[in-house]
Novice: 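Structure incoming, see below.
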2 protein chains.
Amino acid sequence: MNDLANTPELVTVGDEPKTLAEAAYRQLRRDIIEGVHRPGDKLRVEHLKDQYEVGAGTLREALQLLVTDALVVAQGQRGFRVAPISLDDFADITRTRVLLETSALQQSIELGDDAWEASVVAAFHLLSRAEDKLSDGAKASREEWELRNRAFHEVLIGACPSRWIRHFQNILYHQSERYRRLSLFRQPIPRDVHAEHQAIVDAALARNAAEATRILSEHIMRTLEAVRQLPADFIN
Amino acid sequence: MNDLANTPELVTVGDEPKTLAEAAYRQLRRDIIEGVHRPGDKLRVEHLKDQYEVGAGTLREALQLLVTDALVVAQGQRGFRVAPISLDDFADITRTRVLLETSALQQSIELGDDAWEASVVAAFHLLSRAEDKLSDGAKASREEWELRNRAFHEVLIGACPSRWIRHFQNILYHQSERYRRLSLFRQPIPRDVHAEHQAIVDAALARNAAEATRILSEHIMRTLEAVRQLPADFIN
DNA sequence: ATAGGCAAAAATCTCGAGAAAAAATATTGA
DNA sequence: TCAATATTTTTTCTCGAGATTTTTGCCTAT
């Protein structure tokens, strides 16, 4: 019987790209998430192949990889486009994230060992430190906070044994990140997330799954409320 | 504000392939699901391009599309392989399916209108008819039953507005189907699923979400139990 | 002025050959 | 005999050019 830990990951998340196509894929992904290529933009292979310094076929492959992440949509014989955004889509993403992430957290709390507890505490500490430096509004510290926030949420569900939930959750996180980058730089000061994170950690360590998932659920949903209050024409 | 119904689908699920790459993708997917290419098999582009009558680059693209469905895994500079299978993986798939499908059913029951009810009844009727013809064990009728079973489960969650849940559910269904094809042709007579389907329909039409999701959950989980009782060396 | 259709242009899709990498085989030395 | 290295073979990855399809622009007729 195969051990789950020995089966290959669903998505190759290697440290450094071993192929030109993958390198182009990462650059393109970053550029899409950061808004260099706007939602709905046409992605012409002939243009982009020069910009990213690869052949046409290679860039095509990179685009295909982005379709996997649903950051790019491919239409029959009409090329590629950056996936469009909408408030409804973000609401959908957020709700689905809640569904997956609460389930994963529940399993983590149920199965997590001492090492898991330690990693949660450590990630929370790093995140708290990043929050201290966040006040000056520098872009670099903001970047740091994003990374540690992501790491915190990842570690939290790290003891969940389901590769599939983590896989889907990963896709949705990329999607959410794109929405955040496209909108939240307008309201640069996040709400009081520290207390929420603290409460999640406390409940998780106390093995209080119901409480932890409740807070996490509200925590994620609040990002939806924040975007809902943006000017209506901005999201379109 | 964009309407969700107007946004493009996450995965192009068009009726007929508009491109050679997509045609090759579909043939390959069918062959993998049906076990022509066994789990773990190496998929050499040079061989397959002749077999599927397309160029190397085109076949490469088809393989990339299969990575999206997690039916194929791509390793750095070492080509493509058919995704391996394991009992643990199947258990993971099944549990995640339960999570997504029950959530979708709950929303369907909450939001479904008369047209949805009608489609559920219709799909159930078609499935029941297929069950009648199933006794002779002919391959064609078995095929028909598979199709209608899938249609039934799809219609059941058809009123769920979440494109993301349906997207993920779709991926997992393909995965499950592969496991079924690889194993269940050995125990060709399915257990008494008719009563379970009937119970789900009744609860759904009565808008009893708790009952419907409970039965659906057990229904899906039973397929896992069935595979668990196979000879241990078969799944490996 | 607008609608329809025809022609030109642009973009996508496809293919086969060459370069780079990995795997397999053979060789050499202890 | 075994291990380590070198060579050969296989396979993957990459590129640019040609064929097909879509889009754009223009022209004509009502």
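Proteins get letters first, then strands, A, B, ... in listed order; numbering begins at 1 in each. We use all heavy atoms of the structure for the numbers below, so side chains are in, but hydrogens, waters and symmetry mates are not.
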Novice: Please tabulate, for the side chains in residues 46-61 of chain B, all donor-acceptor contacts under 3.5 angstrom to protein atoms that are two or more places apart in sequence or on a different chain.
Specialist:
unit_1, atom_1, unit_2, atom_2, d
B:Y52, OH, B:D31, OD2, 2.6
B:Y52, OH, B:H37, NE2, 3.0
B:R60, NE, A:E61, OE1, 2.8
B:R60, NE, A:E61, OE2, 3.4
B:R60, NH2, A:E61, OE2, 3.3
B:E61, OE1, A:R60, NE, 2.8
B:E61, OE2, A:R60, NE, 3.4
B:E61, OE2, A:R60, NH2, 3.3

Novice: Aromatic rings A:W164 and A:F168: how do their planes relate, parallel, tilted or perpendicular, breaks at 30° and 60°?
Specialist: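 A:W164 and A:F168: tilted rings.
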Novice: Taking side chain to side chain contact (heavy atoms under 4.5 Å, CB included) as the test, write out the residues that go with B:A83, two or more places apart.
Specialist: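 B:A83: side chain to side chain contact (heavy atoms under 4.5 Å, CB included) contacts with B:V73, B:R178.
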Novice: How would you list, by chain and number, every residue that makes a salt bridge (charged side-chain N to carboxylate O under 4.0 Å, His left out) with A:R97, sequence neighbours excluded?
Specialist: A:E101
Novice: For A:R44, what residues pass the salt bridge (charged side-chain N to carboxylate O under 4.0 Å, His left out) criterion, not counting sequence neighbours?
Specialist: none
Novice: For nucleotides 8-14 of chain C, print each protein N/O atom paired with a nucleotide N/O atom at under 3.5 Å, atom names and distance only.
Specialist:
unit_1, atom_1, unit_2, atom_2, d
C:dT12, OP2, A:V45, N, 3.3
C:dC13, OP1, A:G76, O, 2.8
C:dC13, OP2, A:R60, NH1, 2.6
C:dC13, OP2, A:R60, NH2, 2.7
C:dC13, O5', A:R60, NH2, 3.0
C:dC13, O3', B:T19, OG1, 3.4
C:dT14, OP1, B:T19, OG1, 2.8
C:dT14, OP1, B:L20, N, 2.4
C:dT14, OP2, B:T19, OG1, 2.9

Novice: At the 4.0 Å heavy-atom cut-off to chain A, mark where contacts on DNA chain D begin and end, going 5' to 3'.
Specialist: D:dC13 to D:dT23
Novice: Minimum heavy-atom separation for B:G40 and B:R81, please, with both atom names.
Specialist: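 It is O-NH1, 2.6 Å.
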Novice: Quick one: do A:R95 and B:I165 satisfy side-chain contact (heavy atoms from CB on, under 4.5 Å)? Show the steps, please.
Specialist: CA-CA 10 Å; A:R95 285 195 219 98; B:I165 288 183; over 6 Å; no
